Amino acid sequence: MQASRPPGRFVRLEGGHVDELMALRAAKAQELRDAGIDPYPLRTARTHTAAEIAALVDGLAEGEAEVKGIDADVAGRVVAKRDMGKATFIDLQDGSGRVQVLLRQNALADYDTLRLIDLGDFIGVHGVPMRTRTGQATVAATSWAMLTKALHAPPEKFHGLSDAETRQRRRYLDLMANEETRRVFTIRSRVVAAIRRFLDARGFLEVETPILQESESGAAARPFYTHFNALDEDRVLRISLELHLKRLVIGGFERVYEIGRNFRNEGMSFKHNPEFTMIETYEAYTDYLGVAEMVEQMVSSVAEDVLGTTKITFRDMEIDLKAPWRRVTFLDAMKEYGGPDLDVFTTADALRDELRKRGVDAPTTAGYGKLCDEAMSHYVEPNLVQPTFLLDYPVELSPLAKRKPGNDRLVERFECFMAGFECGNAYTELNDPIEQRARFEQQLALKEAGDDEVELVDEDFLFALEHGMPPTGGFGMGIDRLIMLLTGQPSIREVILFPPLKSLKE
RNA sequence: GGGCCUGUAGCUCAGCGGUAGAGCAGUGGACUUUUAAUCCAUUGGUCGAGAGUUCGAAUCUCUCCGGGCCUACCA
């Protein structure tokens with residue numbers, strides 16, 4: 001297998017095997033040194049990017065072949081080399097795109113040295129922007145310089161790099177070879193920046209809270225464990241941002257958000273990665289409906305900002321992110337999509353029996369909340385293709401959310417869905433410390449009944465809450481999933497630069 | 001975790017019981033407007049690893065190691 005071979009760090013590998021291609025390139029680097037040329041010079045001057053050269057040449061009048069009076073320095077990676085004998089064309093790739101350079105024997109004193117240029121090297125070229133007979137923007141070189149000698153060949157120039165493992169394990173090769181990969185991660189960066197602009201403009205403060213925590217909180221998930229040497233205490237990596245951000249609202253920061261990595265020691269799938277990026281926002285003096293308005297505004301305006309449209313395609317689904325989004329209650333949606341009527345099946349046993357009758361998986365250890373969630377995932381979730389807020393969840397499923405007035409069984413909570421999966425979650429935050437304690441204790445009871453994915457009692461948080469948290473709307477969203485949607489990537493691993501892989505055996 | 005598929009040259013892939021192949025990259029040669037440059041010649045492989053079946057295994061079987069897709073659970 002290609003990717004399990006350790007990259008040739010040394011020309012001579014174990015067993016006396018020589019990486020000949022690498023040895024050849026190393027010899028060319030040495031040849032440059034012998035000629036007094038540093039194959040890794042400290043710096044270079046660049047005056048124009050590839051895109052700027054293209055624009056200059058585009059601006060040429062009809063019949064003009066050269067951009068007169070311009071001396072350009074371009075620099076980039078050699079991605080194609082066409083040796084015509086006494087003239088050589090090289091395509092350079094830089095951050096803005098590609099530019100062709102033309103090196104001719106009668107224009108260069110060191111034309112012979114071009115044989116020391118390989119695909120993958122970085123070179124700089126000084127010359128005049130011009131247009132070839134076929135109209136191609138080109139820099140006609142009057143001199144050139146080696147900027148970085150590469151010791152390995154880049155991926156195949158036409159078919160590129162497609163092996164999924166190599167693409168993930170050596171993302172630099174993927175970025176070199178695949179424009180689509182560059183596009184996805186450029187969009188990712190711009191989306192996160194646009195989210196920050198959106199929230200900053202609304203008066204939110206961006207904060208950072210601990211990743212190493214005493215115990216997991218804010219969600220129900222298995223954590224990663226580690227040890228804090230200086231304190232000689234065990235720690236867990238956080239599974240959510242929630243409880244620390246609420247402490248800040250208690251402290252008086254009325255609008256806070258954090259964009260950060262969460263860690264859940266659970267399975268991987270097209271929409272799950274053990275470390276993933278969440279955004280959570282907390283806003284005092286609003287509720288879950290206020291949050292819903294903010295979320296649909298945020299996502300649609302970010303899409304408009306970054307993509308120039310709110311219409312996206314994901315796994316052949318045409319989705320329009322334009323606000324407002326559909327709102328439907330959990331119970332109504334369940335009825336609408338043929339699930340059990342939760343006004344009828346109001347206990348765990350009744351609901352479990354009904355689900356089993358319908359052939360839906362209903363574990364004996366699951367409480368009422370889990371079973372509702374199970375039923376929703378089965379009947380409702382796959383049908384929510386256009387952005388939808390699912391409102392008012394069963395209380396058992398949501399220990400941190402405030403009850404709905406007039407209905408003790410429900411809480412003010414929404415999850416938002418699109419393309420058939422969940423991508424956000426919000427509550428009117430529970431701020432009654434006595435009830436919060438009771439809800440934690442109910443979770444404990446579920447744990448004793450065999451459900452190992454429950455919220456733990458957090459005494460330190462309860463103590464904070466006892467000091468008073470104003471009415472607050474909170475929200476969380478998986479950034480990776482949002483990026484999947486906005487870039488049309490069907491797998492979370494395609495939107496994570498370095499997704500986890502098994503280590504290579506020596 | 002379960003099912004299906006997959007691993008062959010640096011890269012992209014063919015070969016599927018009978019002496020390891022092609023294109024690109026590399027090397028040598030021709031060519032001063034090419035752009036997947038072209039043309040001639042040529043180097044390069046523990047066919048993921050191990051065991052087995054066989055006169056003979058890249059090919060069949062088993063085990064292991066990697067990877068992908070579908071599927072079940074946490075966002």
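Treat the numbers as computed from the prediction; the structure is a model and nothing was measured. Chain letters run A, B, ... following the sequence lines, proteins first and then strands; every chain starts at 1.
One N or O donor and one acceptor, one from the side chain of A:Arg82 and one from the base of B:U34, sit under 3.5 Å apart. Looking at A:Glu20, its side chain has no donor and acceptor atom pair within 3.5 Å of the base of B:U43. Counting atom types as modelled, A:Thr132 pairs a side-chain N or O with a base atom of B:U34 as donor and acceptor under 3.5 Å. With hydrogens and angles ignored, a donor-acceptor pair closer than 3.5 Å exists between the side chain of A:Glu156 and the base of B:G23.
Residue A:Arg493 is in sugar-phosphate contact alone, with no base atom involved, counting any heavy-atom pair closer than 4.0 Å across all strands shown. Residue A:Gly85 is in base contact, counting any heavy-atom pair closer than 4.0 Å across all strands shown. No contact: A:Lys81 has no heavy atom under 4.0 Å from any strand. No engagement by A:Glu280 is indicated, since no non-hydrogen atom pair under 4.0 Å with the nucleic acid exists. Among the heavy atoms of the strands, none lies under 4.0 Å from A:Gly476. Within 4.0 Å of A:Asp83, counting heavy atoms only, lies at least one base atom of the nucleic acid. A:Asn425 comes within 4.0 angstrom of no nucleic acid atom, judged by non-hydrogen atoms across all strands.
Pair assignment for B:C4: B:G68, on the basis of Watson-Crick or G-U wobble contacts that are both within less than 3.5 Å. When both distances must be under 3.5 Å, the Watson-Crick or G-U wobble mate of B:U38 is B:A30. Look at B:C24: its Watson-Crick or wobble partner, with both distances under 3.5 angstrom, is B:G10. Of all nucleotides present, only B:A49 satisfies the Watson-Crick or G-U wobble test against B:U63, with each distance under 3.5 Å.
Remark: P of B:A72 and NZ of A:Lys370 are 17 Å apart, rounded to the nearest angstrom. Taking atom CZ on A:Arg167 and atom C1' on B:U12, their separation rounds to 14 Å, with Å as the unit.
Checking B:U27, B:G66, B:C73 against every side-chain atom of A:Arg169, the shortest atom distance belongs to B:G66. Here the side chain of A:Ala153 is nearest to one of B:U27, B:U34, B:A25, namely B:A25. Counting only heavy atoms from C-beta on, A:Met130 has its side chain closest to B:U33 among B:G26, B:U34, B:U33. Candidate nucleotides B:A25, B:U12, B:U34 were compared by shortest atom distance to the side chain of A:Leu119, and B:A25 ranks first. Comparing B:U33, B:G67, B:A72 against the side chain of A:Lys502 picks out B:G67 as the nearest.
The side chain of A:Arg315 contributes an N or O atom lying less than 4.0 Å from OP1 or OP2 of B:C70. For A:Arg133 and B:U34, the shortest distance from a side-chain N or O to OP1 or OP2 is below 4.0 Å. Contact check, A:Ser162 against B:C13: a side-chain N or O comes under 4.0 Å of OP1 or OP2.
Residues A:Glu296 and A:Arg327 are paired through a salt bridge, judged by an N-O separation under 4.0 Å between the basic side chain and the carboxylate.
Side-chain N or O atoms of A:Tyr111 include one that pairs as donor or acceptor with a backbone N or O of A:Ala87 at under 3.5 Å. Between the side chain of A:Arg170 and the backbone N or O of A:Gln168, no donor-acceptor pair lies under 3.5 Å.
For the salt bridge (Lys or Arg N to Asp or Glu O under 4.0 Å) test with A:Glu429, the passing option among A:Lys402, A:Lys246, A:Arg413 is A:Lys246; the others fail.
Applying the side-chain contact (heavy atoms from CB on, under 4.5 Å) criterion to A:Arg77, with sequence neighbours excluded, gives A:Val79, A:Phe122, A:Met176.
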